[in-house]
Amino acid sequence: MTTLFISDLHLDERRPQVTELFLHFLVTEAREADALYILGDLFEFWSGDDISNPLNDSIQDGLKALTDSGVKCFLVKGNRDFLVSKRFAKRTGITILGDYTVINLDGQKVLIAHGDTFCTLDEKYQAFRAAVNIPWRQKLFTCLPIFVREAIADKIRGHSQEGNQQKSMQIMDVTESEVVDKMQEYNCQILVHGHTHKPNIHDVQLSGDQIGKRIVLGDWFDQGSVLIWHDGQYDLQQRAFLKKA
Ligand code: LP5
Ligand code: MN
């Protein structure tokens, strides 16, 4: 059994190489896998399932072809694509998961999440997250004209980028105690998440002298990043952008 995990592609028409690599990934190694988990921030910003443009359409078509081929595909929403909803799920054949999900891989319980919920020291972000995770506000937002939605998102993205320059690395990284709490609450010794864009595999000190693993996926800004889980073994790998013909 082979399961793939990716996150933080931030697909954007201004980064065509990422889209090209992802579409290639969907028709090559993802096709050979049993399941694909996308752990959030697939898109730079998803303004609503009703928006059709070349990027959104090609990605949804690519995912649909993958699920039609029999590969199970799952999505955990990130802070950039929390507006992905039922219409997207129906069009792509993807199953949308909640903030925390436990999956069983070769007898091992693995907790998966986007990763933003572990950044508990980032109080401004957590307040922002709570404010935008209110269904009626989301509904109202998706009723706005597309250009208004995009203008609001651009404004907030700009605000976020400015703010991030002033936040310490510690604030923007996960809080270790929160990681331990969640791994223990869900009784998992392995956690896979994205969001921090700091690919790595960390030891986590759990109770009873147990050492868990926290696997952090990388972003796709300069290359692809994929975690391959195959028959109980895992490997965090990179994928180079495709060469121009
Ligand atoms: O994404 P990244 O890595 O840059 O930073 C994240 C956190 N930032 C975000 C915001 C996204 O970047 C932008 C998403 C667009 C949202 C559009 C919303 C539309 C409304 C929806 C319906 C109700 O997630 C950043 C974290 C960082 O990760 C590390 O974890 O620190 O958090 C922030 O930057 C949050 C700020 O600290 C608080 C934001 C306040 C926004 C105020 C808006 C004012 C402008 C209103 C314009 C109408
Ligand atoms: Mn994120």
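Computed from a predicted structure; not experimentally measured. Every heavy atom of this structure was used, including side-chain atoms; hydrogens, water molecules and symmetry mates were not. Counting convention: from 1, in listed order, for ligands and their atoms alike.
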Give the residue and atom name of whichever protein heavy atom lies nearest to atom 23 (C) of ligand 1, and the separation in Å to one decimal. Arg137 CB, 3.7 Å
Using side-chain hydrogen bond (donor to acceptor under 3.5 Å, both in side chains) as the criterion, point out the one residue from Glu44, Glu20, His10 that pairs with Arg15. Glu44
When you measure from atom 7 (C) of ligand 1 to every protein heavy atom, which one gives the shortest distance, and what is it? Tyr125 CD1, 3.5 Å
Please say whether Gln138 places an N or O atom under 3.5 Å from an N or O atom belonging to ligand 1. no
May I ask you to decide whether Arg91 forms a salt bridge with Asp61, counting only side-chain N to carboxylate O separations under 4.0 Å? yes
Could you tell me which residues satisfy salt bridge (charged side-chain N to carboxylate O under 4.0 Å, His left out) with Asp154, sequence neighbours excluded, listed by chain and number? Arg157
Does the cation-pi check pass for Lys182 over Phe118, that is, NZ or CZ under 6.0 Å from the six-membered ring centre and within 45° of its axis? no
In terms of heavy-atom contacts, does NZ of Lys72 have more than 12 from other residues, nucleotides or ligands at under 6.0 Å? no
Starting from atom 36 (C) of ligand 1, which protein heavy atom do you reach first, and at what distance in Å? Lys167 NZ, 4.0 Å
Min over His195, Glu162, Met172 of heavy-atom distance to atom 30 (O) of ligand 1 lands on His195
Heavy-atom count around Gln126 CD within 6.0 Å, excluding the residue itself: above 12? yes
Are Asp49 and Lys86 ion-paired here, with the side-chain N under 4.0 Å from a carboxylate O? no
Show which atoms of ligand 1 fall inside a sub-4.0 Å distance from at least one heavy-atom site of Asp122. 26 (C), 29 (C), 30 (O), 31 (O)
Please check if the distance between the ring centroids of Phe82 and Trp46 is under 6.0 Å. no
Under 4.5 Å between side-chain heavy atoms, hopping through other hydrophobics if needed: is there a path connecting Leu36 to Leu111? no
Please could you name the atoms of ligand 1 that Lys155 approaches to less than 4.0 Å, counting only its heavy atoms? 47 (C)
Return the closest protein heavy atom for atom 46 (C) of ligand 1 as residue, atom name and distance. Ile156 CG1, 4.2 Å
For atom 10 (C) of ligand 1, the protein heavy atom that lies nearest, with its residue and separation: Phe128 CE2, 3.7 Å
Centres of the Trp220 and Phe25 rings: under 6.0 Å? yes
I'd like the name of whichever of Glu44, Gln161, Arg80, Arg157 reaches closest to atom 4 (O) of ligand 1 through any heavy atom. Arg80
Which residue and non-hydrogen atom of the protein lie closest to atom 6 (C) of ligand 1, and at what distance in Å? Asn79 ND2, 3.4 Å
Protein contact of atom 22 (C) of ligand 1 - nearest heavy atom, named by residue and atom, plus distance: Phe141 CB, 3.7 Å
Atom CD of residue position Gln170 - does it have more than 12 heavy atoms of other residues, nucleotides or ligands inside 6.0 Å? no
Electrostatic pair Lys77:Asp116 at N-O distance under 4.0 angstrom: no
Hey, are Asp173 and Lys167 close enough for a salt bridge, meaning a charged N less than 4.0 Å from a carboxylate O? no
Pick one of side chain, backbone, both or neither for how Asn164 approaches ligand 1, counting any non-hydrogen atom pair under 4.0 Å. side chain
protein heavy-atom neighbour closest to atom 16 (C) of ligand 1 works out as Phe45 CE1, 3.7 Å
Which residues and atoms, protein N, O or S only, are under 2.8 Å from the Mn ion (ligand 2)? Asp41 OD2, Asn79 OD1, His114 NE2, His195 ND1
